[in-house]
Amino acid sequence: MADFDLIVIGAGPGGYVCAIRAAQLGLNVACVEGRETLGGTCLNVGCIPSKALLHATHSLHEAEHNFEKMGLKVAKPKVDWEAMQAYKGDVIGGNTKGIEFLFKKNKVTWLKGWASIVAPGKVKVGDDLHQARNIVIATGSEPSTLPGVTIDEEVVVSSTGALSLPKPPKSMVVIGAGVIGLEMGSVYARLGADVTVIEYLDAITPGMDGEVAKSLQKILQKQGLTFKLGAAVQSVERGKKGATVHYKLRKDESAHEIEAEVVLVATGRKPYTVGLGLDGLGVEMLPRGQVKADMHFATNIPGIYAIGDAIVGPMLAHKAEDEGMAVAEIIAGKHGHVNYDVIPGVIYTTPEVASVGKTEEQLKEAGVAYKVGKFSFMGNARAKAVFQGEGFVKMLADKATDRILGCHIIGPGAGDLIHEVCVAMEFGAAAQDLALTCHAHPTYSEAVREAALACGDGAIHA
Ligand code: NAI
């Protein structure tokens, strides 16, 4: 029986980061992973492959729509789907092998197989029993579906199936206007599919700043996506060629249907803890299937911790990574901590959308006196030069103290720009701190500074 200080179950962004950090802190660590490759959903069938397809199809869009404007004359681009899939595979392979290398470098033992916890401190992988003073559950999540909708990963697909369709469909219905729906809907719209997104709520991307959500919807509509909002999907029926989606408009209960070659179900994900044996151990669970963990990621069973999508909070790779590092530090006797007030969220559409901190709606509801500094990318020379003048930066600051409370960006490079604001918020900065910081010209980042200036005496280029 092998003996470890820590066994991490799951090698997604939460688990592998936890394992590496714990090893760096001197612990003898093993990480159990049943997939053929490390990296979990994010690297194998999530964040990374979807970004490869988003990049490839964005490049296609550029070639089709913007090359001529820049004096570039090329033949009409053709899509070789197999080659695009191979590119996606290379991107995945490069990253998953990278983690294998990091495991070796940090002397983390990869236990290959599916784990179950047979008793506190005892983990079974296949026929082998291993022992550890500490166990971290980092088993992530899986797609959830709706009553009346069966995912077959052929015609009715989850995000996993949507990444590996045999060919780009001519028509696609996306159920759910959340992050997955909009990212994958964008991919297939750019590849020529007629994409209709059906969303239960009256706005896309629930929880996002309302102004940004409206702007994103308008831009995506211009890109060819159709939205049916306030529409509850009732069932999906497979036909000979594709499927029929039945939905009801919530305002008048009227019934409608729409046919498509492929239906993508993107209505959220649920924690994945199947086969771990948590019931038998008496690990407390929450009603929505998450493992109950305290602020130090400890479950009710001593020595068993949980992080990432398996516990409460936004189902984001970087949230899981931060929790992985924090729990490793706690187990090593240090003071791991995650600041849940400063966790950015990014949607990798074109333009990108990024946000951190409070939305205007949340501030209103909390009765906080705030001010808004807004700056359009139309006033940003760099964005205009690359045909990305759509969108804006919206900075929210405390009316009395000027402290930054939130920031919401829709525009070029938003997913990178947001981190300037994250750092500022971690340091408790005021909008004026950003406004008085010299920003290189010409960069997209200047738009962030201008929004900060707009919280004070005014933006220059507005
Ligand atoms: P989501 O929670 O972001 O969106 C699901 C959408 O489906 C919601 O807008 C919801 O109102 C809608 N919906 C639910 N039931 C419906 C019904 N019966 N009819 C019509 N619409 C319905 O979930 P999504 O997009 O599946 O993503 C899952 C998780 O993965 C999320 O937590 C997301 O944050 C994460 N993710 C993050 C990415 C990123 O950070 N870029 C990329 C992909 C996923």
Side-chain angles (χ1 to χ4, degrees), residues 12-14 40-55 140-149 151 156-163 173-187 196-208 210 213 216-217 220 226-236 245-250 255-258 263-272 288-290 308-322 343-356 409-410 414-416 418:
T41 299
C42 176
L43 267 75
N44 289 284
V45 287
C47 331
I48 300 304
S50 63
K51 260 77 273 174
L53 292 184
L54 279 158
H55 176 68
S141 59
E142 61 176 341
S144 62
T145 186
L146 302 168
V149 183
I151 293 174
V156 185
V157 298
S158 70
S159 53
T160 305
L163 289 166
V173 165
V174 176
I175 309 177
V179 191
I180 292 178
L182 299 184
E183 289 186 355
M184 292 314 295
S186 290
V187 163
T196 304
V197 184
I198 305 183
E199 166 58 47
Y200 181 83
L201 299 172
D202 295 324
I204 68 169
T205 57
M208 181 186 284
L216 178 64
Q217 188 187 335
L220 292 177
T226 303
F227 290 94
K228 307 268 181 216
L229 303 182
V233 169
Q234 307 294 306
S235 63
V236 177
V245 179
H246 301 270
Y247 65 94
K248 268 190 182 167
L249 287 184
R250 291 198 298 132
H256 303 260
E257 59 180 51
I258 177 166
V263 176
L264 164 61
V265 184
T267 50
R269 298 178 62 86
K270 58 182 181 202
Y272 182 75
R288 300 184 111 189
Q290 297 106 334
D309 286 8
I311 64 170
V312 288
M315 288 180 156
L316 297 169
H318 44 281
K319 175 257 192 190
E321 284 182 41
D322 278 28
I343 294 190
V346 180
I347 309 180
Y348 298 86
T349 44
T350 301
E352 285 183 356
V353 177
S355 64
V356 65
I409 308 176
I410 174 165
D416 290 297
I418 198 72

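Residue numbers start at 1 and run along the sequence shown. Whatever order the structure lists ligands and atoms in, that order sets their numbers, starting from 1.
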So which protein heavy atom does [atom] come closest to, and at what separation?
atom	result
atom 41 (N) of ligand 1	V346 O, 2.9 Å
atom 2 (O) of ligand 1	G268 CA, 4.2 Å
atom 7 (O) of ligand 1	G176 CA, 3.2 Å
atom 37 (C) of ligand 1	V179 CG1, 3.8 Å
atom 22 (C) of ligand 1	Y200 CB, 3.6 Å
atom 30 (O) of ligand 1	R269 CD, 3.6 Å
atom 11 (O) of ligand 1	E199 OE2, 2.6 Å
atom 4 (O) of ligand 1	G178 CA, 3.3 Å

Check each atom of ligand 1 against the heavy atoms of [X] and keep those under 4.0 Å away; list them by number with element.
X	result
Y348	41 (N)
E183	41 (N), 42 (C)
L146	15 (N), 17 (C), 18 (N)
L201	11 (O)
I198	20 (C), 21 (N)
A231	19 (N), 20 (C)

Short side-chain to backbone donor-acceptor contact, [X] and [Y], under 3.5 Å:
X	Y	value
Q234	A232	yes
K319	G308	yes
S235	H246	no
R250	Y200	yes

Please name the pair of heavy atoms, one in A414 and one in I409, separated by the smallest distance, quoted to 0.1 Å.
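Heavy atoms of A414 and I409 come nearest at CB-CG2, 3.7 Å.
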
Using the side chain to side chain donor-acceptor pair (under 3.5 Å) criterion, which residues pair with S158? Sequence neighbours excluded.
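Once residues adjacent in sequence are excluded, the partners of S158 under the side chain to side chain donor-acceptor pair (under 3.5 Å) criterion are E153.
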
Min N/O separation P206 to ligand 1 under 3.5 Å
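N/O-N/O distance under 3.5 Å: no.
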
Ligand 1 N/O within reach of I180 N/O, cut-off under 3.5 Å
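Yes.
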
L229: which of V197, I204, L201 passes side chain to side chain contact (heavy atoms under 4.5 Å, CB included):
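Checked V197, I204, L201 against L229; only one passes side chain to side chain contact (heavy atoms under 4.5 Å, CB included): I204.
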
Partners passing salt bridge (Lys or Arg N to Asp or Glu O under 4.0 Å) against E183 (at least two apart in sequence or in another chain)
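For E183, the residues satisfying salt bridge (Lys or Arg N to Asp or Glu O under 4.0 Å) (neighbours in sequence not counted) are K51.
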
Would you mind reporting whether R269 and P143 have side-chain heavy atoms less than 4.5 Å apart?
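SC-SC contact between P143 and R269 confirmed.
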
Taking atom NE2 as the centre, does H318 end up with more than 12 heavy-atom neighbours from other residues, nucleotides or ligands that are less than 6.0 angstrom away?
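Buried by this count: over 12 neighbours within 6.0 Å.
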
